[in-house]
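A quick write-up on the structure given underneath.
Remember, it's 1-based here, ligands and their atoms both numbered in the order they're listed.
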Amino acid sequence: MKILLNGKLVPKDKAVVSVFDHGLLYGDGVFEGIRAYNGLVFKLDDHIERLYESAHTLMLKIPLSQKAMTAAVVRTLQANRLKNAYIRVVVTRGVGDLGLDPRKCPRASYFVITDNIQLYPRSLYEKGLEIITVATTRNVPEAVNPQIKSLNYLNNILAKIEAVTSGYEEALMLSSQGFVAECTGENVFIIKNNRLLTPPAHLGLLKGITRQCVMELGVARGMEVREEVLTRHDIFNADEVFLTGTAAEIVPIVKVDNRTIGAGRPGPVTAGLLEAFHDLTRREGVRYVV
Ligand code: PMP
């Protein structure tokens, strides 16, 4: 496996960063998770755009243009001869001293990892997932805005630990006011009376690229699609619930906090959206040859 590290393709065991890198010392950096489907990088421009927006807010200067970063992703895929892949693009503040002042880090570091995609088991999509609400609330956007896709994921990791130690794979996270926000690495949708609803970003959640894509697919399928403040009650009484994310795609949820959702199995609208999503991944994206 070859990793692109600061412009050079290096073998995996040579792809190392300094212990003085502020990405490691402070989580000071940004990242993206992207997918390639059969030689097409899905929504690559949107991911690169979001990466640069996260970096802009952190006043982190990425040492190459968006166009060059796009080419860097394709180059790494080609070097690893991967037609299907999960891609991780990371930009760190770079090497500094032990203080947290970013001015001590003259140059940001970046790397691109392309790996074989670890698909969730098929049974997950067929049977649906059971999740629980956890006590750890999502970061308030006034402090650390979840819109910044930063290397500091402790908020999400704390929630994940709560879910896992309770015997569940995924956690539903609420906003500090107690409204539904998102899961640890996926956005949440409900379907109620053929309306497709998802919480608004101001509650403190990442505006997922899959989320946006699914909202557009919903509109194309004639559904009423809205961002709406949702409570747990709305989730429990939805016809269908599902999660969206680049790695997970669309995951049907059949139980939340032991309340059965709808008929207790993946619903027809979720299945239709997943099929439409797969169709899109076969048609759209930045094409490359390996
Ligand atoms: N929320 C969080 C906290 C995430 O980390 C992710 C994954 N990037 C998502 C939602 C889903 O976003 P996307 O559809 O862009 O992968």
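Within the model, atoms OG1 of Thr198 and CG of Leu205 stand 7.0 Å from one another, a figure rounded to the nearest 0.5 Å.
Protein residues having at least one heavy atom under 4.0 Å from any atom of ligand 1 are Arg50, Arg138, Lys149, Tyr153, Asn156, Glu182, Thr184, Gly185, Glu186, Asn187, Leu206, Gly208, Ile209, Thr210, Thr244, Gly245, Thr246, listed by chain and number.
Applying side chain to side chain contact (heavy atoms under 4.5 Å, CB included) to Val112 and the options Val74, Leu9, Leu4, Leu77 leaves one that passes, Leu4.
Taking the six-membered ring wherever Trp is involved, the centroid distance between the rings of Phe242 and Tyr125 does not fall below 6.0 Å.
Under the 4.5 Å side-chain contact rule for hydrophobic residues, Val225 and Val188 share a cluster.
Judged by distance alone, the side chains of Asp21 and Ser18 never bring a donor and an acceptor atom under 3.5 Å apart.
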Quick one: side chains of residues 37-46, donor-acceptor pairs under 3.5 Å with protein atoms, not counting sequence neighbours, listed by atom name and distance.
| residue | atom | partner | partner atom | Å |
| --- | --- | --- | --- | --- |
| Tyr37 | OH | Arg35 | NE | 3.4 |
| Tyr37 | OH | Glu249 | OE2 | 2.6 |

